[in-house]
Amino acid sequence: MKSIQWSNDCLCLLNQTALPGSLEYIDCRDHRRVGEAIKRLEVRGAPAIGAAAAFGLVLGARELAANGENLRMLLPQVAEELLNTRPTAVNLSWALKRMMAVLDSVSSDADIVVALEQEAVAIMEEDRQVNAAISRHGLELFEQPIHAILTHCNAGALATVEYGTALGVIRQAWANGKIGRVFADETRPLLQGARLTVWELMQDGIPVTLITDNMAGWVMKKQMVQAVIVGADRIALNGDVANKIGTYSVAVLAQKHNIPFYVAAPLSTFDFSLQTGDSIPIEERDSCEVAAFGGQVVAPAGVEVFNPAFDVTPHELITAIITEHGVLRPPFCTAIASIQKEKGGK
Ligand SMILES: CSC[C@H]1O[C@H](OP(=O)(O)O)[C@H](O)[C@@H]1O
């Protein structure tokens with residue numbers, strides 16, 4: 001399945017809020033609809049929202065050009081609107097910064113829209129290649145086959161342009177006989193695990209067991225899983241990782257049970273401006289997501305709700321970070337710095 005498809009003047013998104021019940025597609029023909037889709041998690045996952053925002057900027061540029069507007073003056077406002085949809089995943093700002101840099105590289109205004117579209121297509125294609133590389137490098141984690149691996153939320157093809165990050169590693173490991181089963185946390189409150197990860201793995205014929213988030217500790221205690229792998233939304237220079245709420249709890253439990261805890265993420269998820277995860281912005285979402293379940297209100301009206309969509313796992317709890325450049329091992333600050341150097345500080 002493809003979470004995102006671009007055809008000339010339309011960004012077609014697989015509506016992830018309708019899964020697994022129905023396969024519905026949203027045709028976005030302007031940047032405002034793309035922004036709404038990101039806010040509503042109709043498209044979600046750090047790399048996927050970065051790519052969607054990139055094409056949202058293309059749609060915005062087309063509209064401005066069609067109205068004879070000054071793109072260099074007005075496109076920053078379109079970028080700002082898309083940037084303000086969700087604060088935690090750094091891929092959103094990374095993609096928009098990369099797209100806006102096109103303006104500096106194009107001398108003629110008449111060429112801006114085409115150049116932007118080419119850059120958005122490049123971002124989409126690179127994500128495919130990057131996830132394939134992450135998945136290949138992930139094989140290094142499994143010198144010996146393991147019975148089962150636990151994952152949290154959805155870091156699969158739905159969260160990226162294709163193949164996935166954490167689920168990309170799982171797919172490759174399964175194909176090479178390195179894992180026998182996946183345990184998927186349901187991932188309250190929006191159930192990305194129960195609705196999306198389970199659906200993806202069953203589509204691929206990969207054995208999966210669904211558990212509630214509060215079962216993860218017991219599953220580890222009973223030695224039913226031998227590793228954990230998750231995605232990421234923002235990684236600081238010291239290796240602190242922001243990811244779906246509940247990831248920190250799983251990492252603490254993994255350490256308690258001496259189970260390796262892996263993070264799979266592309267370099268576009270690294271925030272090279274942050275020394276630690278302390279200042280990663282954590283999105284807080286509407287209380288109705290917690291006070292209701294499956295559309296049914298379950299808590300008394302008026303109850304106070306705290307609904308952070310992400311948490312930050314300190315680098316000390318992370319065994320390795322799998323990137324397209326290879327598997328990073330602690331000390332992550334050194335490993336990340338050497339990648340930065342290799343890439344010329346970009
Ligand atoms: C491959 S990034 C996936 C990452 O994004 C998810 O958050 P959301 O569903 O709110 O977009 C979650 O943190 C996943 O690990």
Side-chain angles (χ1 to χ4, degrees), residues 3-4 13-17 19 37-53 85-92 94-95 123-124 126-128 130-135 138 150-171 184-200 213 228-235 240-251 261-271 277 280-286 289-290 307-313 318 321-324:
S3 59
I4 293 177
L13 302 174
L14 175 56
N15 181 356
Q16 299 189 37
T17 61
L19 289 173
I38 294 172
K39 276 184 194 161
R40 295 175 185 172
L41 278 74
E42 289 167 330
V43 61
R44 43 134 311 271
I49 63 178
T85 49
R86 296 189 75 191
T88 304
V90 73
N91 306 62
L92 188 53
W94 168 83
I123 288 173
M124 184 156 75
E126 283 169 27
D127 190 58
R128 284 195 183 90
V130 158
N131 296 331
I134 290 171
S135 309
L150 182 137
T151 191
H152 188 77
C153 197
N154 172 262
L158 291 169
T160 62
V161 172
E162 198 166 9
Y163 211 55
T165 54
L167 290 200
V169 171
I170 283 174
R171 287 183 161 104
D185 281 349
E186 66 174 352
T187 315
R188 282 272 292 150
L190 295 181
L191 304 178
Q192 289 92 327
R195 294 185 303 110
L196 307 177
T197 291
V198 169
W199 183 74
E200 281 201 44
D213 300 328
V228 177
I229 192 163
V230 298
D233 292 84
R234 193 184 295 236
I235 302 175
D240 291 349
V241 169
N243 196 52
K244 182 54 51 195
I245 188 72
T247 302
Y248 171 62
S249 310
V250 170
F261 182 88
Y262 301 121
V263 175
L267 278 196
S268 55
T269 303
F270 286 70
D271 184 341
I280 295 177
I282 300 297
E283 176 186 3
E284 291 198 22
R285 294 183 63 86
D286 195 285
E289 294 178 355
V290 175
N307 184 18
F310 300 94
D311 56 28
V312 177
T313 298
I318 299 169
I321 301 175
I322 302 89
T323 75
E324 64 272 34

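We count ligands from 1, going down the list as the structure has it; atoms in each ligand are counted the same way. What you see is a predicted model, and the numbers here were worked out from it, not measured in a lab. For reference, positions follow the sequence shown, starting with 1.
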### Query
With a cut-off of 4.0 Å, which atoms of ligand 1 are near a heavy atom of A159?
1 (C), 3 (C)

### Message
Please check whether L41 reaches ligand 1 - meaning an N/O of the residue sits under 3.5 Å from an N/O of the ligand, judged on distance alone.
### Response
no

## Note on the structure
Scanning both residues in full, the closest heavy-atom pair of R44 with I49 reads CA-CG2, 3.7 Å

### Query
So is T165 polar-close to ligand 1, meaning N/O to N/O under 3.5 Å?
no

### Task
For A265 and ligand 1, answer yes if some heavy atom of the residue is under 4.0 Å from a ligand atom, otherwise no.
no

### Task
Please answer whether the main-chain N or O of Q16 pairs with a side-chain N or O of R195 as donor and acceptor at a distance below 3.5 Å.
yes

### Query
Would one find an N or O of D233, backbone or side chain, under 3.5 Å from an N or O of ligand 1?
yes

### Task
Can you spot which of L150, T165, I170 makes a side chain to side chain contact (heavy atoms under 4.5 Å, CB included) with I229?
I170

#### Entry: Option with minimal heavy-atom separation from atom 14 (C) of ligand 1, where the choices are D311, T160, N243, V43
N243

### Message
Only heavy atoms of A46, strictly under 4.0 Å: list the atoms of ligand 1 that pass.
### Response
2 (S), 5 (O)

### Task
Measure the distance from atom 12 (C) of ligand 1 to every protein heavy atom, then report the residue, atom name and distance (to 0.1 Å) of the closest one.
C153 SG, 3.4 Å

### Query
Is it true that G45 lies under 4.0 Å from ligand 1, counting heavy atoms only?
yes

### Query
Without hydrogens or angle criteria, can the side chains of T88 and D233 be said to hold a donor-acceptor pair below 3.5 Å?
no

### Task
Report the distance from atom CD1 of I322 to atom CD1 of I134, rounding to the nearest 0.5 Å.
8.5 Å

### K244 and ligand 1 - part of the residue with a heavy-atom distance under 4.0 Å
both

## Note on the structure
Of all heavy-atom pairs linking N131 and E162, the shortest is ND2-O, 2.9 Å

### Message
Applying side chain to side chain donor-acceptor pair (under 3.5 Å), can you list everything that pairs with Q192, at least two apart in sequence or on another chain?
### Response
none

### Task
Starting from atom 9 (O) of ligand 1, find the nearest protein heavy-atom neighbour and note its residue, name and distance.
R44 NE, 2.7 Å

#### Entry: Per-atom contacts of ligand 1 with P47, taking only distances under 4.0 Å to non-hydrogen atoms
1 (C), 2 (S)

### Polar side chain donor-acceptor pair, E289 to N307, under 3.5 angstrom
yes

### Query
Short N/O distance, under 3.5 Å, between R86 and ligand 1?
yes

### Query
When you look for heavy atoms under 4.0 Å from ligand 1, do you find them on the side chain of N154, its backbone, both, or neither?
backbone

### Task
Could you tell me the separation between the CZ atom of F310 and the CZ atom of R234, rounded to the nearest 0.5 Å?
10.0 Å

